[in-house]
Amino acid sequence: MPYETDYTNQKFSVIGNRVNRPDGVDKVTGRAKYGADASAAGQLVGKILRSPHAHALIKKIDTSKAEKLPGVKAIVTGDDFPDFTGGNRSLMDTLENCMARGRALYDGHAVAAVAAVDAQTANQALKLIKVTYKKLPHVTDVDEAMKPNAPIVHDWIRTAGVDPAPTTASNISQRNEFGHGDVETGFAQADIIIEKTFKTEQTHQGYIEPHACLATLGPDGVGELWVTTQGHFTFRNMCASLLGLDVAKLKVTSSEIGGGFGGKTHVWMEPVALQLARKSNRPVKLVMTREEVFKATGPTSSTSVDVKIGAKKNGRITAASAELRYQSGAFPGMWGMLGAMTSFACYDLKHVKSVGYDVLCNRPKVAAYRAPSAPMAAFGVESVIDLLAAELKMDPVEFRIKNAAKKGTQASYGPVYGPIGIGPTLEAVKNHPHMKKRLGKNQGRGVACGFWFNFGGQTCTDLNIGIDGSVNLTVGTVDVGGSRASLALIAAEELGVDYDQVRVTIGDTSSLGHNDTTEGSRGTFSSGMATIFAARNAVDVMKQRAADTWGIPVDQVVWEEGVARAKGRQNSNLPPLSLKEIAAKSPRTGGPIAGHNEVVADGAGVSFASHICDVEVDPETGSTRVIRYTVVQDAGKAIHPDYVEGQFQGGAAQGIGWALNEEYIYGDDGTLQNAGFLDYRIPVCSDLPFIDTEILEIPNPNHPYGVRGVGETSIVPPLAAIGNAVSNAVGVRMTHVPMSPPRILKAIEDAQ
Amino acid sequence: MSGVTVSAKVNGDAVQYVCPPSESLMDVLRNRLNLTGVKEGCGTGDCGACSVTLDGRLVCSCLVLGAEAEGRAIGTVEGLSQDGELHPLQTAFIDHAALQCGICTPGFLVAAKSLLGRNPNPSEEEIRYALAGNLCRCTGYDKIVRAVQSAAKVMRKQKRS
Amino acid sequence: MRFESPTTTKAAASILAGESGAAHVLAGGTDLLVRMKMGMIEPDLVLDIKRIDSMKVLKVAAGGVHIGGAVPAIELGESERLRGLWPGVVEAANLIGSDQIQGRCTVVGNLCNASPAADSVPALIAAGAKALIVGPKGKRRVGVEKVVLGPGKTSLGRDEFIEAVVLPARAGKSADAYLRFTPRTEMDIAVVSAAVNLTLSRGVVTAAKVVLGAVAPTAVIVPAAARAIIGTKLEDAALEKMAKACRAACNPIDDKRGTVEYRTKVAGVLGRRAALLAFERAGGSK
């Protein structure tokens with residue numbers, strides 16, 4: 001059966017080759033078009049007016065002066081967005097986040113927008129809009145927001161997941177609990193117990209391309225949106241729902257995307273652009289400034305986490321528990337839930353309990369950032385694991401190997417694992433040359449593990465074979481990191497043709513059925529799966545054409561290495577027909593040859609990683625340099641090893657920035673102090689060494705090639721790997737991320 | 001505000017444009033001359049995505065006024081390939097998978113070309129510091145540095161032969 | 001907004017004098033354009049001085065150095081002679097931002113932007129640099145330490161601009177050094193910085209000037225730190241005294257780049273390290 005998803009352990013001809021990506025020339029010549037690179041005749045420039053207050057009532061918005069400014073063609077406020085949500089709270093949250101409805105909920109919250117003939121006029125118009133605010137008390141810290149007398153962000157929130165159900169308003173939107181066994185019993189069996197609290201600050205995905213779109217929307221509800229996004233189908237559905245449009249009448253085309261990492265899975269201003277376009281009846285180009293990106297899109301949570309782990313003298317963990325508090329910004333989210341699910345996923349535990357809280361505060365609406373919520377949980381857990389190992393005088397890698405989850409382990413978040421990579425990555429780390437490098441003065445080494453589930457989801461793919469035998473593959477998952485190359489390899493493998501014969505396009509929303517967003521490490525996994533089946537579908541068609549050409553039943557035809565062969569001695573006189581030959585004949589044998597597949601790609605395999613990090617700390621200033629870094633991660637099957645390595649290195653670099661320097665800094669007035677790349681410090685080229693990678697391949701039994709999603713896991717271990725390395729270098733346990741020089745220096749001094 | 005008329009050269013071609021005095025060279029290149037290879041990542045000189053050369057010097061075009069370019073020669077990523085042939089740096093970036101999303105790539109190519117023009121045999125450290133003005137969020141810079149090292153080697157060879 | 005690019009200092013002075021609105025001199029633009037983009041200023045006039053030949057002059061001799069107001073910082077690093085005479089001034093100037101910034105920014109612009117964390121300022125003050133100011137009444141010369149009054153504020157009249165910065169003659173066996181603390185290796189504004197300029201005679205420090213940056217509204221000259229090392233060969237006790245004097249001279253703020261506590265501590269560390277570096281460069285050995 002060609003549509004089974006089981007791993008088949010087949011030999012590959014082209015999979016695994018380091019081929020050149022198909023969009024490479026466009027990108028190195030500047031020809032590739034990103035969100036802000038499209039323009040339309042007669043277009044207007046859109047600009048958004050944003051709240052300067054962390055929390056305020058909007059008493060009045062007076063747009064009269066702005067409306068009179070020559071060149072201003074449309075102005076919108078919350079009043080221009082009727083409620084089409086039908087009581088769906090989550091939709092209303094998105095709508096309210098795009099444009100405030102009576103209350104500004106964070107510094108940077110959109111309160112009005114204009115479309116004008118040029119940027120200067122638009123900016124001038126914003127200055128002429130008079131907003132009367134009444135400031136309200138605000139709260140920005142996650143622990144402060146949980147206190148009983150904290151300012152309440154939404155008075156309709158009642159904490160879910162608590163029994164009996166509360167009747168009073170809270171900033172805690174939900175409580176989730178995962179685990180099995182009985183931790184009290186487990187702790188009672190322990191010879192040593194370590195308990196510690198950790199804090200991590202808010203970070204942003206930091207993609208270099210700001211959000212940008214070009215929107216048109218006519219009075220007939222027909223519209224087009226060119227936009228940088230991780231999911232154009234999701235954006236289409238969302239904009240249509242929020243604006244009361246027919247989904248099929250809104251065509252969304254994804255531009256090339258200049259980075260997303262989870263931050264472009266969500267609409268932040270696209271409905272506003274469409275509404276301005278409708279009101280002005282002209283195309284509207286809306287591009288965010290860098291400051292707006294930091295203030296008004298979806299950074300990740302800041303957290304505080306308590307971890308408690310007990311172990312016997314022989315190194316076996318007897319119980320593990322955690323309480324994790326994640327702020328979700330001004331609207332509810334499930335980030336605490338994800339943190340609780342991932343905390344102990346690497347380990348084989350009899351008694352485990354993790355409780356996650358999602359907490360509201362006056363900050364932007366949190367969105368996913370590459371393995372959302374897992375890095376913070378891992379920081380706490382992997383730090384305590386190191387403390388335990390040290391206390392027991394065991395090697396930290398050996399301690400982890402002794403407790404690693406394996407096939408048959410019940411995960412702390414519920415399911416039973418199939419074959420997984422945590423043990424193998426730890427063994428690989430143990431034997432890696434990195435571990436043998438001698439450490440110098442003021443240097444320390446740290447290891448840490450990480451985990452991420454991968455997601456499958458709705459996928460739809462078209463494969464068309466041209467009359468000259470060239471192959472057009474249209475997929476619906478946005479290419480964030482080079483997946484077009486991998487998908488072309490997969491199509492080439494299945495069809496038995498050269499990689500260069502396959503051309504991959506990301507189709508717009510009118511060309512394909514729904515595709516879920518590129519997130520959850522699903523791009524190559526899901527579209528790859530759909531590509532395999534679409535190709536097999538096309539192969540079935542070609543076998544039929546060959547059978548018809550030869551006049552034999554189709555079950556006597558096989559497809560091998562790009563040709564149809566007639567099986568059986570009675571057919572031995574029939575020469576094979578190549579794909580090119582079948583394609584050339586297609587107008588006369590039944591018309592264009594295509595393969596198609598819709599699938600809810602299931603069975604995405606979990607991806608584990610172990611990282612090793614060496615740092616050098618200047619004890620007089622706290623200045624820290626990463627001098628060596630190694631990523632070992634299980635990819636299941638690396639379709640294109642260069643791009644798998646790229647994901648490993650990219651995630652590690654983001655984690656290093658998060659661990660050492662990146663954080664949102666809020667003033668006492670609740671406003672963001674560092675909304676730019678100058679003071680929100682992501683790693684620069686001279687901050688990092690070469691990042692070594694080792695790809696392990698433990699096949700995912702639920703994918704024909706064994707593929708696991710790899711994009712996210714590598715951001716999970718670095719916070720703890722660096723935490724452990726710095727702690728070893730300075731002899732003091734670090735508990736607050738980022739471990740910036742002032743924090744390190746203070747920790748050193750407090751210990752003296 | 002009345003416009004400023006500017007005559008300049010872009011990638012060797014004579015151009016003329018009119019722009020408001022306060023408009024940046026970046027906006028002129030992108031919106032008036034349709035050279036969208038120049039990217040705006042921050043608009044304040046902190047990310048290097050808008051890098052171009054101005055009379056041979058590497059600059060952030062977001063920090064140059066369109067009016068300042070009068071009589072000057074500007075080089076963008078669009079001018080890197082000659083006669084349909086990719087520049088060794090462009091080839092190296094593709095070969096070494098030195099790009100993922102690719103938004104920072106034009107800026108890196110212009111900056112790397114500027115570096116190799118001044119220092120044809122840079123050490124790893126020299127490459128890293130010369131490219132510190134170009135932010136990349138996808139790659140962790142590893143394959144970018146390797147691509148520049150590889151292109152430098154090719155270009156030194158080409159020069160000798 | 002008007003844009004003017006005169007070709008003589010006389011014309012520039014006359015345009016400035018004739019402007020009644022907000023006038024800003026444009027050199028490298030790496031501060032000015034950022035402030036315009038962030039909406040912090042809305043100039044009525046931007047006066048580009050980069051077409052004035054006399055302001056593009058960089059003249060380097062042991063008898064004195066002339067750095068024109070339009071000379072980009074990268075040119076300072078390209079002068080081997082200047083690197084030999086004033087390594088501290090050069091390294092300070094070359095730390096102002098990335099290579100992209102370096103091709104445009106000027107030390108005069110850095111000075112006039114008057115940021116407490118400006119990189120070139122502590123080194124220029126330690127070197128005894130003077131600013132050549134052009135105005136409607138002619139030219140005047142002041143020590144650069146008199147130019148900056150506070151964050152974003154200079155002592156220049158509204159129709160004055162700086163034509164050049166000059167460095168004095170270099171005594172033998174002299175050297176300077178500039179060190180700054182930033183969290184990343186590049187691209188950051190200094191959290192704390194220290195410049196030391198000194199002269200040796202028979203291996204002993206006979207003259208010194210110590211200036212700290214980013215620890216007060218303006219760069220801070222620390223006479224007590226200089227006194228601590230004059231007459232010494234930078235023995236540990238002298239260095240500790242110097243570091244203590246540096247710490248005592250700090251008057252920093254808590255902000256997104258650093259805390260009072262942190263800046264004060266590190267000022268002492270950097271003062272000590274910059275002194276050692278200048279000492280070695282001048283030919284000293286402990």
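Here is how names work: the chains are called A, B, and so on, in the same order as the sequence lines, proteins then strands, and each is numbered from 1. As the structure is a prediction and not an experimental result, all values here were calculated from the model.
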Part of [X] lying under 4.5 Å from any heavy atom of chain C:
X      : result
B/R128 : neither
B/L54  : side chain
B/V64  : both

Does the distance from a Lys or Arg side-chain N to an Asp or Glu carboxylate O, for [X] and [Y], drop under 4.0 Å?
X     : Y      : answer
C/K50 : B/E68  : yes
C/D99 : C/R104 : no
C/E91 : C/R83  : no
C/E4  : C/R51  : no
C/R2  : C/D44  : no

### Task
Residue by residue, scan residues 86-107 of chain B and write down, ordered by number, those that have a heavy-atom distance under 4.5 Å to chain C; if none do, write 'none'.
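From residues 86-107 of chain B, none sit under 4.5 Å of chain C.
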
### Query
Does the side chain of B/E125 come under 3.5 Å of the side chain of B/S123 through a donor N or O and an acceptor N or O?
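Their side chains do not contain a donor-acceptor pair, so the 3.5 Å distance test is not met.
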
### Query
Is a side-chain donor-acceptor pair under 3.5 Å present for B/D46 with B/T44?
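Present: a donor and an acceptor within the cut-off.
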
### Task
Could you tell me the separation between the CG atom of C/L33 and the NZ atom of C/K37, rounded to the nearest 0.5 Å?
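It comes to 10.0 Å.
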
Contact part of [X] toward chain B, heavy-atom cut-off under 4.5 Å: side chain, backbone, both or neither?
X     : answer
C/E42 : neither
C/T30 : both
C/V46 : side chain
C/L26 : side chain

### Task
Identify the two heavy atoms, one from C/V215 and one from C/V192, that lie closest to each other, and give their separation to 0.1 Å.
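Smallest heavy-atom distance, with atoms named: CG1-CG2, 4.1 Å.
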
